[in-house]
Amino acid sequence: MEWGCGGGANAVSIAPFAREFIGVDVSDESLRECGRQVAAHCDTPFLPVRVAVANPETALRDIEGPCDLFLCVYVFELIPSPAYGERILRIAYELLAPGGLALIQIKYDTGSWRTRPRRLSYRFSPGNMTTYPIHAFWQLATRCGFAPEYVELVPRDEVDERYAYFVLVKPPAPR
Ligand SMILES: C[S@@+](CC[C@H](N)C(=O)[O-])C[C@H]1O[C@@H](n2cnc3c(N)ncnc32)[C@H](O)[C@@H]1O
């Protein structure tokens, strides 16, 4: 599944290898486009799941059964607050099968005031609303039950700066 799937830029590469592809988004229009793109690239069934920003937990009701992969990229910097990100992590943990993998990208806070979360000020720089110090996101993931395995940093690329890509594992069930 992909949280914040948008119009399917990632879905077209991943869905061909999946039994089912679940796209979650706050925008119906994006979900429709994602469905069109998946259908144009493969026969994998696509399940669109719309969530309201205020209540992302409805995804737990609308998605049946455990998922193998939870992908979420270029979304966490847009969400309202760091605390909201914890809600998404807890949803990811519940939806994943034991041993399942979450690949989540955030923008990181370096400690300078410029890179701190903006909290409610969407008007200026919506792409920097929510940031976390790298160690804080690692610890948050641990508190939500994940075993963080890896983080890759991209301090700057041609588009933007301060990307961190985390690989988190939901520990396998004890035997
Ligand atoms: C920058 S796009 C990234 C789309 C896709 N992940 C990609 O990499 O191409 C951000 C997407 O996140 C969605 N989004 C924003 N806030 C969200 C939220 N709270 N829950 C789920 N999706 C959200 C937006 O509607 C949009 O489709």
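Whatever order the structure lists ligands and atoms in, that order sets their numbers, starting from 1. Heavy-atom basis, side chains included; hydrogens, waters and symmetry copies ignored.
In this structure, the side chains of Leu71 and Phe21 stay at 4.5 Å or more apart for every pair of heavy atoms.
In summary, the atoms of ligand 1 found under 4.0 Å from a heavy atom of Ala9, numbered by their order in the structure, are 9 (O). Interface of Trp3 with ligand 1, defined as ligand atoms under 4.0 Å from a residue heavy atom, comprises 20 (N), 21 (C). Using a 4.0 Å cut-off to heavy atoms of Leu78, the atoms of ligand 1 that qualify are 10 (C). Less than 4.0 angstrom separates some heavy atom of Tyr84 from each of these atoms of ligand 1: 19 (N). Each of the following atoms of ligand 1 lies closer than 4.0 Å to a heavy atom of Glu2: 5 (C), 6 (N).
The shortest N or O to N or O distance between Ser27 and ligand 1 is not below 3.5 Å.
Shortest contact from atom 27 (O) of ligand 1 to any protein heavy atom: Asp25 OD2, 2.7 Å.
Arg90 has no carboxylate O lying under 4.0 Å from a charged side-chain N of Glu94, or vice versa, which leaves the two without a salt bridge.
Rounding to the nearest 0.5 Å gives a distance of 12.0 Å between CD1 of Ile134 and CD of Gln139.
Proximity of Val73 to ligand 1, defined as any heavy-atom pair under 4.0 Å, is shared by backbone and side chain alike. When heavy-atom distances to ligand 1 are checked against a 4.0 Å cut-off, Asn10 comes that close only through its side chain, counted from C-beta outward.
Ring to ring, Phe166 and Phe146 are not that close: their centroids are 6.0 angstrom or more apart.
The side chain to side chain contact (heavy atoms under 4.5 Å, CB included) test applied to Gln105 returns Val73, Tyr74, Glu77, Lys107, Tyr163, Tyr165, not counting sequence neighbours.
Residue contact check for ligand 1: Cys5 places a non-hydrogen atom closer than 4.0 Å to it.
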